[in-house]
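First comes the structure, then the notes that go with it.
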Amino acid sequence: MALQPDEIARLARLAHIQVTAEECGTLTERLDAVLDMVRQLQACDTAGVEPLAHPLDAVQELRPDAVADAESPETLMRNAPAAAAGLFLVPRVLD
Amino acid sequence: MSRAVGAGWETVIGLEVHVQLATRSKLFSDAAVEFGQPPNVCASAIDMALPGTLPSVNENAIRMAVRFGLAIDAQINRRSVFERKNYFYPDLPKGYQTTQLAAPVVGAGRLRIALAGGGEREVRIHHAHLEEDAGKSLHEEFPGASGIDLNRAGTPLLEIVCEPDLRSGPEAVALLRQIHALATYLEISDGDMSQGSMRCDVNVSVRPAGDSALGTRTEMKNLNSFRFVERAIEGEAARQIALIEEGGKVVQETRLYDSEANLSRPMRGKEMAHDYRYFPCPDLLPVIIDEAFIAAERDALPELPAACRERLMREHGLSVDAANLLTAERATVDYFEQVAAVCSAGKMAANWVNGELAAQLNKTGGRLADCPVSAAELGRLIARILDGSLSGKLAKTVFADMWAGRGGVDAIIAARGLQQVRDSGAIEALVDKVLAENAAQVENYRTARPEKRGKMLGFFVGQAMKLSGGKAAPGEVNRLLREKL
């Protein structure tokens, strides 16, 4: 059961990427291969198996609630393509 | 149909309440949580989602969530998982919000609200989970661009999701007030609504009264005042009822409430149903909350609002209403108890805190924490009324001066020369003067029937008080007048 073009378009929209008509064909093949693998996994009997939240058999260390001296915003924002008045600037967005 | 529009319908409301937790540092980084700082100074590399950074979990945020869970009698999940909720917005630099879904810290619990007609209702809490706040987008200042401030990004929020057990705007507000009170008592939030420390999403649906199936619901997001919540609910319920009665159908959608126009409209550009593609965050391991951790929080639970209300009524003989007002926030209770301790008069302390003080705070929009009159000073003011140095009326003048920062009680009394005249000789002179100047009324009084005299005496008392500039001790004036008449 191959992915349909409208499903690819929807996934592309959710991922905020542009997909051309030619790319759509290649993408369908590759994603179908991934989904085949997932279908194999889904065929396994998982009755009585706890859902896995993390592959490591370890638990989260908790951090004491203390503030540390941060890097200056100037340093942290050095790679920002655009900034002004201490703010990152991005192409205008409105709700 | 002969039925009136809106009659025979029941409104069903569910709330999702976001409480900003009062931690020092962020949920996943050691940057400071501080309001009103210059842009991006409270944002670390983690909050900015710079490559190669990894989150770490703030123990205090877990602790606060557990404390809240215990206070609402909830199941605390011993194993809790953070998940990624994926969507794109520039103020969410990672491209996902780290939140909880399948295994939140706090499971099902309950809260009780007081109903308008008396009685109580239990509201079921579905769960409460920890999540991070997003940054802020500023659209005004830069042509063709939006400015992004990530100071708020990563601020810990406790989202409390309640079951659709509420039936009216006032009930929703009652639940919000409960949560607000709890959060301040538990000291997990400063509860400052004006700074967004508590925000609320509201789900509203309507159904014919008596039906058990739920109607189609709409959601209104990010309401930040009790008044807006109530108005938004009433307006949305009326809209849905009118729509259905006209033969239309309610569409499940997110609507924006416009507080200025007092109406809601559908959000634009949301034609695509949300698909957040949640999955467990691979950067964070499951959080294990052990019995010792929970026991420590249980032992440290402070007195909760309901118990505090009962105690104030018992210890100070306060009315339910007075106790309710005082216990809405922990800070008010603490202030009241200090005032009452200084003046040893609980009822009067309650009257002043709920009356004059609350009125001034309302007028200035200030918070009790910034109140210019300390509890001890207010206590001393009330003590001056009780020892007869001040009349209730003059005390209000003194209070206004204290509020304006003109000094302490006794200094103001001395500076204004407000000390009550209690010296019998001076009062006697006043009384004599009044009687001499009002000979006709004196004659009337003396010939009047005894039951009429009480009222007539008031005239003379009034004259004498006026003559003294309000400073004569009223009891003494009364006594001397009766004697002389």
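We name chains A, B, ... by the order of the sequence lines, and we start the count at 1 in each one.
- For the options B:N86, B:V33, B:N60, heavy-atom pairs under 4.5 Å to chain A are most numerous at B:N60.
- B:C281 touches chain A through its backbone: at least one of N, CA, C or O sits under 4.5 Å from a heavy atom, while the side chain does not.
- Of the possible donor and acceptor atoms, none in the side chain of A:R92 sits under 3.5 Å from a partner among the backbone N and O of B:P143.
- If you check the side chains of B:S25 and A:R63, you find a donor sitting under 3.5 Å from an acceptor.
- Side-chain contact check for B:E34 versus A:V67: every heavy-atom pair is 4.5 Å or farther apart.
- Neither the backbone nor the side chain of B:P38 comes within contact range of chain A, judged by heavy atoms closer than 4.5 Å.
- With rounding to the nearest 0.5 angstrom, the CG atom of B:L284 is 8.0 Å from the NE2 atom of A:H54.
- Contact of B:F28 with chain A is made through the backbone alone, with heavy-atom distances under 4.5 Å.
- When every heavy atom of B:A43 is checked against every heavy atom of A:L76, the shortest pair comes out as O-CD1, 3.4 Å.
- For A:E7, the CD atom counts as densely surrounded, since its 6.0 Å shell holds more than 12 non-hydrogen atoms of other residues, nucleotides or ligands.
- Of all heavy-atom pairs spanning B:S56 and A:Q60, the tightest one is CA-NE2, 4.4 Å.
- Here the closest non-hydrogen pair linking A:L62 and B:E59 is CB-CB, 3.7 Å.
- For B:R63 and A:D65, the salt-bridge test fails: no basic side-chain N is under 4.0 Å from an acidic carboxylate O.
- Counting heavy-atom pairs under 4.5 Å between each of A:M77, A:E74, A:E71 and chain B puts A:M77 at the top.
- In the displayed structure, B:K85 atom NZ is contacted under 6.0 Å by more than 12 heavy atoms of other residues, nucleotides or ligands.
- The environment of CG in A:D69 is sparse: at most 12 heavy-atom neighbours from other residues, nucleotides or ligands sit within 6.0 Å.
- Heavy atoms closer than 4.5 Å to chain A are found nowhere in B:I46, neither backbone nor side chain.
- For the pair B:H139 (side chain) and A:V93 (backbone), a donor-acceptor distance under 3.5 Å is present.
- Scanning both residues, B:V81 and A:A53, for their nearest heavy atoms gives CG2-CB, 3.7 Å.
- Taken to the nearest 0.5 Å, the CG atom of B:D149 stands 9.5 Å off from the CZ atom of A:F88.
- When the shell of 6.0 Å around CZ of B:R298 is examined, it contains 12 or fewer heavy atoms from other residues, nucleotides or ligands.
- The two residues A:A66 and B:D30 have their closest heavy-atom pair at O-CB, 3.5 Å.
- Across all their heavy atoms, B:P39 and A:L87 have their closest contact at CB-CD2, 3.6 Å.
- Identified by a heavy-atom distance below 4.5 Å to chain B, the contributing residues of residues 78-86 of chain A are A:A84, A:A85, A:G86, in residue-number order.
- Chain A forms the most heavy-atom pairs under 4.5 Å with one residue out of B:M48, B:E83, B:R79, and that residue is B:M48.
- Atom NE2 of B:H127 has more than 12 neighbouring heavy atoms from other residues, nucleotides or ligands inside a 6.0 Å radius.
- At a threshold of 4.5 Å between non-hydrogen side-chain atoms, the residues A:V59 and B:P286 do not count as touching.
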